[in-house]
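In what follows, a single structure is set out as structure tokens and then discussed.
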Amino acid sequence: NINTKEDVLKAIESNNVKFIRLQFTDIQGVVKDVEIPVTQIEKALSVGISFDGSSIEGFVRINESDMVLKPDASSFAILPWNQKKGVVARMICDIHLPDGTPFEGDPRYALKKVIKEAEEMGFSLNVGPELEFFLFEKQDGKATTIPHDFGRYFEFAPADLAEDIRRDIVLTLMDLGFDIEASHHEVAFGQHEIDFKYGDALTTADNVTTFKYVTRTIAKLNGLHATFMPKPIFGENGSGMHVNLSLSKNGENIFYDADGDMQISDEARYFIGGLLKHVKAITAISNPLVNSYKRLVPGYEAPVYIAWSGANRSSLIRIPAARGKGTRVELRSPDPSCNPYITFAAVLAAGLDGIRNKIDPGDNREENIFELTDKGLKDFGIETLPSTLNDSVKYLAEDELLIEALGTHVINSVLSLAKAEWDSYRIQVHPWEIERYLNTV
Ligand code: ADP
Ligand code: MG
Ligand code: MG
Ligand code: MG
Ligand code: MG
């Protein structure tokens with residue numbers, strides 16, 4: 001286990017590491033990376049490595065363009081590929097200003113702030129994400145949307161051609177310290193899921209970013225294209241990133257209550273109440289692309305209606321059957337295009353708001369919500385998730401709690417990126433419109 005500067009130096013020496021990749025993510029969750037030779041590691045660990053933050057998406061602030069990368073010792077890991085020119089390790093970094101204070105626009109900092117808030121209430125947050133992705137064929141070196149295989153849910157060879165590639169991804173993740181629980185073919189052709197064990201929120205957010213680039217890298221080494229785009233093919237299931245959540249106090253899962261209704265605690269209910277209250281605003285963060293909203297439609301196992309339930313998979317929030325240590329709340333709306341740091345920060349802040357203010361989540365819904373009529377939805381007071389990015393940002397812009405918890409720098413970056421994204425989309429003339437109107441109008 002590596003936790004201190006000394007541990008890092010020892011690990012570098014004993015593994016004969018030659019290069020370190022210093023990594024952080026921009027506001028969109030894209031991993032940025034600067035490589036240093038090991039000769040610079042002393043300096044990196046003591047004062048940090050300077051860089052120009054003004055070219056990073058969501059960081060821009062001209063008067064604050066000088067920024068410093070501070071590697072987090074506990075994130076040290078040897079990268080299992082590309083070792084021909086010497087062993088390469090990576091470290092995930094926090095971003096500071098030259099005066100040593102944390103940079104407010106750093107997504108990792110936003111999450112750390114909310115984690116600290118939880119700690120002050122005596123809680124630590126456990127997160128277990130389920131990332132789905134597609135493997136597509138490449139033609140002339142370019143990605144296509146041709147699925148690599150024609151397998152369906154839980155299928156195996158010969159329909160599932162990706163067994164070996166999935167295993168390759170799993171082995172690489174294990175080399176990087178992941179505790180893999182399962183991997184399987186998903187519902188759509190070419191679609192897969194690999195599940196890793198839940199952990200504390202910060203480690204898990206780091207893991208999500210690592211998971212994505214490992215998957216992309218291994219796919220590439222196998223001549224394929226991996227994508228976490230939420231809805232690459234119309235008429236097929238999209239890719240989600242269900243987020244499983246629980247709180248623990250002194251090592252005990254406090255969502256479990258052997259004597260409670262459904263064997264869940266009041267805290268679990270209030271946490272759900274908080275999620276339901278803020279979920280429209282959270283959607284701007286957990287579903288940040290124009291394309292994200294093409295997944296959130298009825299008929300493809302993705303949530304649309306704002307409700308919670310027991311094992312019911314038509315619901316936005318589900319309580320999977322496991323109890324005891326495994327008692328958890330599953331939020332099914334996020335997709336893997338989101339920035340995991342600010343998504344977990346928003347979700348945690350909303351849940352804590354629920355606990356603090358004892359927000360009642362209302363009754364759980366066990367019917368298939370997709371089959372309810374408009375009147376049924378109205379009678380039960382069931383609302384819907386925002387149906388476009390343009391809608392969800394309006395909720396985020398007005399959510400005082402999330403703005404306070406994540407900070408105005410991060411929220412303003414999310415809002416202005418979303419607005420630019422929406423405007424760029426809005427003015428396009430799509431093939432659908434040509435097909436629909438060219439000959440009829
Ligand atoms: P599903 O039935 O929704 O497909 P999976 O088995 O694919 O669920 O994934 C469940 C996820 O929940 C895993 O990442 C697992 O580690 C995680 N998980 C299990 N227990 C907890 C817990 N107490 N808190 C948070 N996450 C948990
Ligand atoms: Mg799953
Ligand atoms: Mg599973
Ligand atoms: Mg799945
Ligand atoms: Mg799930």
Side-chain angles (χ1 to χ4, degrees), residues 115 118 123-135 151-155 160 162 166 170 173-174 177-208 210-212 215 228 230-232 236-258 262-265 267-268 271-272 275 286 295-296 300-303 308-336 340 343-344 347-348 351:
I115 289 171
F123 301 134
S124 59
L125 179 75
N126 300 310
V127 186
E130 306 167 47
L131 286 101
E132 295 172 334
F133 59 91
F134 280 82
L135 291 177
R152 289 295 190 190
Y153 189 67
F154 272 29
E155 258 190 278
D160 173 9
R166 268 203 320 268
V170 166
L173 291 169
M174 285 165 83
F178 279 65
D179 191 345
I180 302 294
E181 292 188 334
S183 78
H184 60 84
H185 205 290
E186 258 301 341
V187 171
F189 292 155
Q191 193 188 27
H192 305 275
E193 175 174 320
I194 297 175
D195 299 314
F196 55 94
K197 189 171 190 254
Y198 69 94
D200 70 88
L202 189 67
T203 306
T204 304
D206 287 343
N207 282 345
V208 169
T210 305
F211 181 101
K212 288 202 261 188
T215 302
F228 293 91
K231 185 84 173 189
E236 291 282 348
N237 277 22
S239 292
M241 186 180 85
H242 298 169
V243 177
N244 293 268
L245 303 150
S246 67
L247 289 181
S248 50
K249 199 169 200 167
N250 307 321
E252 294 287 319
N253 184 335
I254 62 151
F255 281 1
Y256 177 59
D257 179 354
M262 296 169 78
Q263 290 191 303
I264 59 169
S265 65
E267 282 87 352
F271 193 91
I272 294 168
L275 286 177
S286 60
R295 168 178 164 260
L296 299 175
Y300 301 95
E301 295 182 35
W308 75 284
S309 64
N312 185 349
R313 285 181 195 257
S314 70
S315 197
L316 169 70
I317 293 175
R318 185 172 81 96
I319 314 281
R323 289 296 182 269
K325 252 178 111 65
T327 314
R328 60 188 189 267
V329 168
E330 180 187 39
L331 179 66
R332 297 166 62 82
S333 49
D335 71 56
T343 298
F344 298 167
V347 162
L348 179 56

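Just so we're clear, the structure is a prediction, and the values are computed from it rather than from any experiment. Throughout, residue positions are numbered sequentially from 1 according to the sequence presented. Each ligand, and each atom within it, is numbered from 1 in the order the structure gives.
- Minimum-distance N/O/S atom of Glu330 relative to the Mg ion (ligand 5): OE2.
- Residue-to-ligand polar distances keep His242 apart from ligand 1: every N/O pair is separated by 3.5 Å or more.
- When atom types are taken as modelled, the side chain of His185 and the backbone of Gln191 share a donor-acceptor pair closer than 3.5 angstrom.
- Relative orientation of the Phe133 and Phe228 rings is tilted, given thresholds of 30° and 60° on the angle between their planes.
- Remark: ligand 1 and Lys197 share no N or O pair separated by less than 3.5 Å (distance only, no angle test).
- With distances taken over non-hydrogen atoms, the option nearest atom 25 (C) of ligand 1 out of Asn244, Asp179, Ile194 is Asn244.
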message: For Asn126 and Ser248: C-alpha separation, side-chain torsions, deciding distance, then whether side chain to side chain contact (heavy atoms under 4.5 Å, CB included) applies.
response: CA-CA 7 Å; Asn126 300 310; Ser248 50; 3.4 Å; yes
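- Under the 30°/60° scheme for interplanar angles, the aromatic rings of Phe196 and Phe178 are found to stand perpendicular.
- Heavy atoms of Arg318 found under 4.0 angstrom from ligand 1 belong exclusively to the side chain.
- Of all the heavy atoms of Lys325, the ones lying under 4.0 Å from any atom of ligand 1 belong exclusively to the backbone.
- In summary, the atoms of ligand 1 found under 4.0 Å from a heavy atom of Asn253, numbered by their order in the structure, are 23 (N).
- Vertex the Mg ion (ligand 4), arms ending at OE1 of Glu193 and OE2 of Glu132: the angle is 100° after rounding to 10 degrees.
- The distance from ligand 1 to the heavy atoms of Asp195 drops below 4.0 Å at these ligand atoms: 5 (P), 7 (O).
- None of the N, O or S atoms belonging to Glu301 lies under 2.8 Å away from the Mg ion (ligand 4).
- Using a non-hydrogen distance threshold of 4.0 Å, Phe196 registers as a contact of ligand 1.
- Within a 6.0 Å radius of CE in Met262, more than 12 heavy atoms belonging to other residues, nucleotides or ligands are found.
- If you look at Thr327 next to ligand 1, the close heavy atoms, those under 4.0 Å, all belong to the backbone.
- Of all the N, O or S atoms in Glu186, the one closest to the Mg ion (ligand 4) is OE2.
- The residues Lys197 and Glu181 are annotated as not salt-bridged, no charged nitrogen and carboxylate oxygen being separated by less than 4.0 angstrom.
- Looking only at its N/O/S atoms, His242 has ND1 as the one nearest to the Mg ion (ligand 5).
- Considering both main-chain and side-chain atoms, Glu181 comes within under 3.5 Å of ligand 1 through a nitrogen or oxygen pair.
- When atom types are taken as modelled, the side chain of Arg295 and the backbone of Tyr300 share no donor-acceptor pair closer than 3.5 angstrom.
- Atoms of ligand 1 found under 4.0 Å from any heavy atom of Glu193, numbered from 1 in the order shown, are 7 (O).
- The OH atom of Tyr198 sits 14.0 Å away from atom CG of Asn207, with the distance rounded to the nearest 0.5 Å.
- Contact of the Val208 side chain with the Phe344 side chain is registered, since non-hydrogen atoms from C-beta on lie closer than 4.5 Å.
- Residue Ile264 holds its CD1 atom at 9.0 Å from CG of Asp257, rounded to the nearest 0.5 Å.
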